[in-house]
Amino acid sequence: MAEPARREQVDAGPARTREIAPEAKGKVMLAVSGLEAWYGESHILHGVDFEVRRGEVVTLLGRNGAGKTTTLKSIMGIVGQRQGSVAFEGTQTIALPSNRIARLGLAFCPEERGIFASLNVEENLILPPVVGAGGMSIETIFTLFPNLKERLSSQGTKLSGGEQQMLAIGRILRTGARLLLLDEPTEGLAPVIIQQIGATIRRLKAEGFTILLVEQNFRFAASLADRHYVMERGRVVDRYESAELARNMDKLHEYLGV
Amino acid sequence: MFELLGIPPQALFGQLLIGLINGSFYALLSLGLTVIFGLLNIINFCHGALYMMGAFVAWLALQHFGLGYWAALFIAPVVVGAFGIVLERTMLRRLYKLDHLYGLLLTFGIALIVEGVFRNEFGASGLPYVIPDSLTGARNLGFMVLPNYRAWVIALSLFVCLATWYVIERTKLGAYLRAATENPTLVQAFGINVPRMITLTYGFGVGLAALAGVLAAPIYQVSPLMGSNLIIVVFAVVVIGGMGSIMGSIVTGFLLGLIEGLTKVFYPEASATVIFVILALVLLWRPQGLFGRRS
Ligand SMILES: Nc1ncnc2c1ncn2[C@@H]1O[C@H](COP(=O)(O)OP(=O)(O)OP(=O)(O)O)[C@@H](O)[C@H]1O
Ligand SMILES: [Mg+2]
């Protein structure tokens, strides 16, 4: 297989283009190349390259501060300044405001969850506008997360951490967005809730959602993803198909410092 | 008839009515300030000047176009709202990321310019604006005589305040507004055009000020300084109520109007300062204001 050679190339420097892996399933949905981002004066991303194909679950791995969240935010258009190329379904989004990007069919579930305190659970759930056909019905969302149904009139931020995470995921399933950007959905949650979220992601994948997942919880990510990208200091430095993981555990542990 | 602590009921109710009228204006103006501050992060110091502008639009519409009071109730908020939208698009928009102080300074400057232009054109003395025929007269309620126009001002102001509260707290549009007040970036990343929402909110907030100006025209006359006299008290009301609560700004507006009226009856010497005394006490006891959330 040509895989190792390609990785060498990535290791060697900021390769901006990448052939399409022959074993990949769908068409490229999201293609990120040479992505740079700044918060004010601080230059955080220094040329990030990766792609996500339709129907895939892809993870971004990396230590704290590697730039995973910043990558998701740059795709959504909510960092200070960005440069390079982010193409979604063939549309270049690097110069679009975030509301236009969302309307193309991307939805973001932030690391801090972003539940609104001045809205009750129901209002939080139906807040994001529908951006495309084929979103989940509220009833289906309640079958995924039955807890939410009982708390509809509670203040959003009165929910437990796990329930807030369910709400943060649930509210973007309604919108018809086909690419979901999930930033550390298991952070700080109990094992039983992590399992529930894992099952949900599997189900979403089965229903044809495409997911870009940022995770610190490597075992969680490994059990879900088709492909992993490793980030370090604002760059993607490595990639593994899920079948290659077992062979490369040592290297990964080194990357992630675990 | 009975007397209360030596005060004849006619005087008492008369002052309460004046208190309610003042309270109507406090409520309409502080409501607009609160909505604007919530979403734009700007202390809109030209609110009083825009209130004055509303009254002048009514006056000019009558003088030059023969458009009467009822038309003015719609025209003035639209004209002043449009003026506000231009201000937001060209100037305020550049300040959102900066300290409150910049917004305060800019809008204070705008207030001085607007008031200066009107004073230059129309002089400092008040211009009369007559009550529309259908609202002249008064009715005798037994315990007091209630002028129809004043009843109308209180009723319309209450209605507009409560309708605004309803839209913000109970509708989908209001949910967008509340959410964008908390976290505009995320709301925009969900696909909402937040910059446009901010512009329209500013237009709406200053439209409320213009509406108050039209309501005030027959009561206080139309004068270039009518806004700057009022706005200081309105800012005290906003601080007492606590920036950020819609219902808080409405309730505080009417309540302080009433307290002011009662003070005129029982201790007239303090009637001009009572609101500021309350302001000082509230700041000592509850710095976030009566209805404000601790941040
Ligand atoms: N708003 C900000 N302003 C300035 N610098 C920031 C900001 N947010 C993040 N950074 C910096 O950018 C770098 C990348 O941060 P980012 O949040 O993308 O990392 P991450 O990979 O998501 O880390 P974690 O695993 O801790 O969530 C870090 O050095 C961080 O300090
Ligand atoms: Mg992060």
Side-chain angles (χ1 to χ4, degrees), chain A residues 39-40 69 72-81 93 96-132 135 153 155-157 167-168 170-177 179-181 183, chain B residues 31 34-41 89 93-94 96-99 164-201 241-249 288-289 291-295:
Chain A
Y39 291 114
T69 297
L72 295 193
K73 287 187 173 174
S74 305
I75 294 168
M76 270 334 290
I78 53 178
V79 287
Q81 195 200 330
T93 67
L96 295 180
S98 59
N99 52 309
R100 298 266 312 278
I101 296 175
R103 296 271 168 186
L104 297 174
L106 291 81
F108 177 45
C109 177
E111 191 170 4
E112 66 286 356
R113 296 175 190 138
I115 301 303
F116 296 98
S118 54
L119 274 59
N120 66 27
V121 171
E122 186 175 15
E123 289 171 324
N124 267 288
L125 190 58
I126 61 175
L127 183 83
V130 170
V131 297
S153 54
Q155 187 188 348
T157 45
L167 181 54
R171 70 180 168 190
I172 60 174
L173 300 180
R174 262 186 68 253
T175 63
L179 174 61
L180 309 180
L181 312 180
D183 197 348
Chain B
L31 178 61
T34 300
V35 174
I36 289 170
F37 181 75
L39 198 57
L40 283 79
N41 207 17
R89 279 276 153 120
R93 158 158 308 197
R94 299 161 197 272
Y96 298 147
K97 300 231 162 71
L98 304 177
D99 193 87
T164 304
W165 172 84
Y166 181 86
V167 169
I168 293 177
E169 297 292 343
R170 292 286 181 270
T171 68
K172 185 83 192 270
L173 182 70
Y176 286 141
L177 197 85
R178 277 175 282 143
T181 297
E182 264 184 66
N183 188 344
T185 309
L186 184 58
V187 172
Q188 188 166 359
F190 283 147
I192 310 228
N193 191 338
V194 171
R196 187 173 65 196
M197 193 161 113
I198 289 176
T199 305
L200 293 177
T201 299
M243 286 278 194
S245 162
I246 302 298
M247 192 45 104
S249 66
Q288 74 271 35
F291 296 86
R293 291 184 206 100
R294 219 181 287 264
S295 62

**OP:** For Ala179(B) and Leu127(A), work out which heavy atoms get closest and say how close.
**Re:** CB-CD2, 3.8 Å
**OP:** Counting only heavy atoms closer than 4.5 Å, note whether Leu104(A) contacts chain B via side chain, backbone, both or neither.
**Re:** neither
**OP:** Please state whether the side chain, the backbone, both or neither of Leu186(B) comes within less than 4.5 Å of a heavy atom of chain A.
**Re:** side chain
**OP:** Compare all side-chain heavy atoms of Phe190(B) with those of Val131(A) and state whether any distance is below 4.5 angstrom.
**Re:** no
**OP:** Check Glu123(A) against Arg178(B) and note the closest heavy-atom contact, atom names and distance.
**Re:** OE2-NH2, 2.9 Å
Subject >> Nearest heavy-atom neighbours spanning Ser98(A) and Gln188(B) >> reply: OG-CG, 3.1 Å
Original post:
Where does Pro129(A) contact chain B at under 4.5 Å (heavy atoms): side chain, backbone, both or neither?
Top reply: both
Original post:
Any idea which of Gly156(A), Ala117(A), Pro97(A) has the most non-hydrogen atom pairs under 4.5 angstrom with chain B?
Top reply: Ala117(A)
Original post:
Side chain, backbone, both or neither: which part of Arg100(A) has a non-hydrogen atom closer than 4.5 Å to chain B?
Top reply: neither
Original post:
Are there more than 12 heavy atoms of other residues, nucleotides or ligands under 6.0 Å from atom OH of Tyr39(A)?
Top reply: yes
Subject >> Glu182(B) side, atom CD; Thr157(A) side, atom OG1 - distance, nearest 0.5 Å >> reply: 7.5 Å
Original post:
Once you round to the nearest 0.5 Å, how far does OG1 of Thr185(B) lie from CE of Met76(A)?
Top reply: 11.5 Å
Original post:
So what's closer than 4.5 Å to chain B heavy atoms on Ile115(A): side chain, backbone, both or neither?
Top reply: backbone
